[in-house]
4 protein chains.
Amino acid sequence: MSDHKRGLILDAARVVFERDGLDGASLRAIAAQAGYTPAALYFHFDSKEALYAEVLGQSIAALKTEVDARVGAAATPQARLTAAALGFFDFYAENPRDLDLGFYLFRGGMRPHGLGRERDMALNAALESVLWPIAEAAEALGAELALARLIMADAFAHAVGVLLLLHTKRIRMFGLAPRALMERYVEAEVEKLLASRTANHADAVHANG
Amino acid sequence: MSDHKRGLILDAARVVFERDGLDGASLRAIAAQAGYTPAALYFHFDSKEALYAEVLGQSIAALKTEVDARVGAAATPQARLTAAALGFFDFYAENPRDLDLGFYLFRGGMRPHGLGRERDMALNAALESVLWPIAEAAEALGAELALARLIMADAFAHAVGVLLLLHTKRIRMFGLAPRALMERYVEAEVEKLLASRTANHADAVHANG
Amino acid sequence: MSDHKRGLILDAARVVFERDGLDGASLRAIAAQAGYTPAALYFHFDSKEALYAEVLGQSIAALKTEVDARVGAAATPQARLTAAALGFFDFYAENPRDLDLGFYLFRGGMRPHGLGRERDMALNAALESVLWPIAEAAEALGAELALARLIMADAFAHAVGVLLLLHTKRIRMFGLAPRALMERYVEAEVEKLLASRTANHADAVHANG
Amino acid sequence: MSDHKRGLILDAARVVFERDGLDGASLRAIAAQAGYTPAALYFHFDSKEALYAEVLGQSIAALKTEVDARVGAAATPQARLTAAALGFFDFYAENPRDLDLGFYLFRGGMRPHGLGRERDMALNAALESVLWPIAEAAEALGAELALARLIMADAFAHAVGVLLLLHTKRIRMFGLAPRALMERYVEAEVEKLLASRTANHADAVHANG
DNA sequence: TATGAATGAGTATTCATTCAT
DNA sequence: TATGAATGAATACTCATTCAT
């Protein structure tokens with residue numbers, strides 16, 4: 001019962017966040033969309049921030065589901081790295097509103113309040129857990145832990161940058177498919193790792209020979 | 001006369017944007033900082049957005065000055081590519097408020113908006129002109145025009161992504177220096193171009209031989 | 001059963017009134033303190049005001065208990081007058097929240113209001129019954145009924161004024177002990193009564209002699 | 001011009017404070033009464049508290065004017081003491097709304113926020129300056145400074161207590177004129193002072209003789 | 001006897017903007 | 001060229017109360 005209503009309100013919130021942007025979304029508007037009085041929302045959510053945090057949390061959960069599914073279906077480490085990085089990219093490319101949702105946090109990050117320390121850390125942890133398969137795969141391909149983490153962060157950065165490009169059309173793309181940029185980036189990373197492994201192997205053989 | 005006063009107001013706006021953040025900056029505050037009444041600003045600027053657009057325009061001009069200087073001092077194409085990409089990155093890494101200024105545009109759904117079609121196109125053009133040296137250098141290194149543009153867009157994307165990481169601290173960096181990520185990316189691009197040129201050259205020699 | 005629960009709610013109300021002040025005390029908070037839902041309180045009390053009236057009634061009952069005990073232990077009329085006046089003063093000096101409770105009635109223009117005519121008259125009657133010993137003692141000391149009543153009202157007024165001073169610290173007290181003010185006042189009244197009795201007696205002797 | 005409008009708003013505020021009580025008076029209501037939008041008031045006053053503080057300040061200024069006039073017209077110390085104490089009493093007896101205004105502060109005093117430290121101290125100082133003639137007269141009548149101050153505080157307390165009685169009708173007055181209570185109190189104080197002076201004089205004569 | 005859910009009216013304050021002067 | 005005065009819409013959030021269950 002109550003969960004059902006919460007769900008309806010969350011749906012309404014998503015609609016309004018999409019329509020008015022995150023800054024423009026007022027409690028009044030969300031309540032109106034949900035067919036409620038503003039005061040009624042406070043029965044289900046403690047604050048506007050709590051409501052937003054829940055919407056965002058669901059978004060990240062959906063992202064994780066998608067990425068994990070792709071990674072689970074991949075056989076080799078290089079396939080897993082590719083699956084995680086492109087899975088992340090594809091999710092947001094196909095769900096631009098979830099991207100907006102996520103970017104709001106980064107803005108919040110720019111001014112330092114966020115959603116309150118606890119919520120903020122939980123969301124960060126969720127986001128990192130989505131990206132971990134990239135680091136794991138890199139390690140499986142022979143990278144040191146430090147390098148593996150660097151690769152994870154770098155892939156995240158590249159994905160986010162390309163998504164921004166795609167999303168805002170601020171740079172003319174000259175007909176480039178944005179996904180091609182991401183694929184090219186991932187391929188290059190994988191190749192570097194494989195080459196490095198080969199080199200190390202050769203070294204080892206040489207040393208032992 | 002009028003230009004001088006416009007300048008004073010723009011300076012005041014920058015001060016307030018830095019002090020209060022972009023969301024927190026009100027016309028009242030900017031006017032007060034400039035020693036004017038809010039109403040007086042409307043004699044010089046059509047709206048708050050127009051004021052913001054002009055501040056942003058100046059920011060991009062400053063970016064261009066810095067990047068062009070670095071590129072001009074570079075001797076080889078690969079040095080120019082590196083200078084342009086890292087110059088872009090460094091400018092925003094060192095001037096985070098200018099980064100805020102830029103990201104602000106992506107708000108409210110992150111679509112180009114709010115500033116009106118004309119202003120928006122002018123800003124886009126200015127931004128592209130900053131990044132063109134990357135494409136030019138890539139061409140000088142033997143890339144087709146299409147690839148050169150792709151490399152330009154990709155470098156932009158990577159820089160933006162890493163800056164976001166740096167700026168928001170939302171992903172734990174494990175002590176990584178963000179600039180290292182950008183350097184690593186640029187080096188890899190340059191190497192790919194050089195390798196490609198060598199290969200092409202070898203092909204050509206082979207074909208001719 | 002029902003009375004027991006009423007009692008629990010009234011206890012909770014007292015706790016919340018003390019913790020949050022009278023203005024800050026909301027029905028929600030009282031209900032939460034009592035372990036109930038706000039709506040549940042309406043089964044036991046007609047309104048927030050009714051709840052307040054009952055808490056106030058209990059407060060006055062406690063006052064009466066204390067004053068009556070002191071008066072009962074006093075042997076002479078002058079001791080009874082002193083006991084009643086200082087008992088009244090001490091009760092509120094030691095229980096400032098009860099004083100708040102009483103003053104709250106005077107709010108909103110300080111006219112008897114808000115609680116309805118009936119409740120108001122009952123509270124007034126209860127308050128008067130606390131103070132009656134003063135008038136009785138004055139009569140026992142020879143005062144006419146009219147004067148006795150005047151002395152009662154005057155003592156009430158003085159006590160309330162000093163309590164206000166004590167409670168709000170709005171007038172610098174220069175290290176004065178507030179109770180000293182009240183004691184001084186009561187002593188003077190008693191002396192006036194005794195002097196008056198002596199004079200009357202002398203007159204009577206003279207008239208008869 | 002501006003002062004005139006401020007005056008109109010202050011008048012409106014007084015009307016609303018009277019009509020709705022001080023707690024019940026909202027900015028909306030004051031604005032409506034003044035024929036303005038709520039936002040317009042913020043052009044003239046910084047906050048609701050500032051508005052109230054000004055209304056109250058004017059009230060205390062009027063009180064001071066009245067009391068000082070009476071004191072100035074009095075020839076002897078005992079006449080000045082009486083003039084100050086009864087002047088204070090009469091002002092509030094005749095202007096019950098000013099009494100409400102003043103009591104609000106005491107309530108604020110009960111919960112410790114008041115009007116902010118500065119405003120609060122200024123108002124306290126103004127109030128004390130009204131009452132100082134009482135202490136001065138007492139000293140002129142031979143009281144030590146400590147006693148003179150005690151008499152001042154005590155007279156204030158008595159006046160306030162009787163005014164409360166008068167104002168709230170919470171104690172049946174049995175046809176008593178409240179002013180009679182105050183007069184009786186003041187007369188007794190004056191007599192005590194005179195008696196004390198006589199006694200001291202006699203002592204002095206005796207000591208010297 | 002109690003609850004979960006909802007309401008409508010209310011709060012002070014801020015905002016970008018306008019307009020007569 | 002600039003101001004003082006004003007507006008209308010907006011903000012998140014709280015309150016006592018009601019009512020179907």
Side-chain angles (χ1 to χ4, degrees), chain A residues 1-6 8-9 20 23-31 34-52, chain B residues 1-2 5-6 9 23-31 34-52, chain C residues 1-2 5-6 9 23-31 34-52, chain D residues 1-6 8-9 20 23-31 34-52:
Chain A
M1 267 300 127
S2 183
D3 280 2
H4 178 57
K5 303 251 175 93
R6 275 177 71 91
L8 294 179
I9 293 172
D20 300 344
D23 272 0
S26 69
L27 259 198
R28 300 157 113 82
I30 294 170
Y36 283 113
T37 298
L41 301 202
Y42 284 87
F43 187 79
H44 300 279
F45 299 91
D46 285 346
S47 68
K48 193 193 176 187
E49 271 184 354
L51 181 50
Y52 167 68
Chain B
M1 265 303 123
S2 182
K5 299 202 179 154
R6 279 175 69 90
I9 294 171
D23 272 358
S26 67
L27 252 202
R28 309 160 105 81
I30 294 170
Y36 283 111
T37 299
L41 301 201
Y42 284 86
F43 189 82
H44 299 281
F45 299 91
D46 287 345
S47 69
K48 197 194 177 189
E49 269 172 1
L51 179 53
Y52 163 71
Chain C
M1 263 305 122
S2 183
K5 297 201 180 155
R6 278 174 69 90
I9 294 172
D23 273 358
S26 66
L27 254 201
R28 309 160 104 80
I30 294 170
Y36 284 110
T37 299
L41 302 201
Y42 285 86
F43 189 81
H44 299 280
F45 299 91
D46 286 346
S47 68
K48 197 194 178 189
E49 270 173 358
L51 179 52
Y52 163 71
Chain D
M1 266 300 128
S2 182
D3 280 1
H4 176 58
K5 302 250 175 95
R6 275 177 69 91
L8 293 180
I9 293 171
D20 301 344
D23 272 0
S26 69
L27 259 200
R28 298 159 114 84
I30 294 170
Y36 283 113
T37 298
L41 301 201
Y42 284 87
F43 187 80
H44 300 278
F45 299 91
D46 284 345
S47 67
K48 192 193 175 188
E49 271 183 355
L51 179 52
Y52 168 68

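We name chains A, B, ... by the order of the sequence lines, and we start the count at 1 in each one.
Of all the heavy atoms in B:Ile9 and B:Ile30, the pair that sits closest is O-CG2, 4.3 Å.
If you measure from atom CG of A:Leu51 to atom C1' of F:dC13, you get 14 Å, rounded to the nearest angstrom. The distance between atom CG of A:Leu27 and atom P of E:dT11, rounded to the nearest whole Å, is 20 Å. Regarding D:Ile30, its CD1 atom lies at a distance of 10 Å from the P atom of E:dT11, rounded to whole Å. Atom pair C:Tyr52:OH and F:dA16:P shows a separation of 15 Å (rounding to whole Å applied).
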Please tabulate the protein-to-nucleotide N/O contacts below 3.5 Å involving nucleotides 19-21 of chain F, giving atom names and distances.
none

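Contacts between residues 40-48 of chain C and DNA chain F, defined by a heavy-atom separation under 4.0 Å, are made by C:Tyr42, C:Ser47, C:Lys48.
Taking the side chain of C:Tyr36 as heavy atoms from C-beta on, and the options E:dA2, F:dT17, F:dA6, the nearest nucleotide is E:dA2. Which of F:dC13, E:dA12, F:dT3 sits closest to the side chain of A:Pro38 comes down to F:dC13.
In this structure, D:Ser26 reaches the E:dT11 phosphate: one of its side-chain N or O atoms is under 4.0 Å from OP1 or OP2. Between F:dT14 and C:Arg28, no contact under 4.0 Å exists linking OP1 or OP2 to a side-chain N or O. Between D:Lys5 and F:dG4 there is no side-chain polar atom (N or O) within less than 4.0 angstrom of OP1 or OP2.
For DNA chain E, if you chain together Watson-Crick or G-U pairs that step i with j, i+1 with j-1 and so on, the runs of at least three with distances under 3.5 Å are E:2-21 with F:2-21.
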Could you go through residues 41-48 of chain C and list every donor-acceptor pair under 3.5 Å that involves a side-chain atom there, pairing it with any protein atom two or more places apart or in another chain?
from: C:Ser47; atom 1: OG; to: C:Glu49; atom 2: N; distance (Å): 3.3
from: C:Ser47; atom 1: OG; to: C:Ala50; atom 2: N; distance (Å): 3.2
from: C:Lys48; atom 1: NZ; to: C:Ala25; atom 2: O; distance (Å): 3.1

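Every residue meeting the side-chain contact (heavy atoms from CB on, under 4.5 Å) condition with C:Ala29, not counting sequence neighbours, appears here in chain and number order: C:Val16, C:Arg19, C:Asp20, C:Ser26.
Counting any heavy atom pair closer than 4.0 Å across all strands shown, D:Ala34 reaches no nucleic acid atom.
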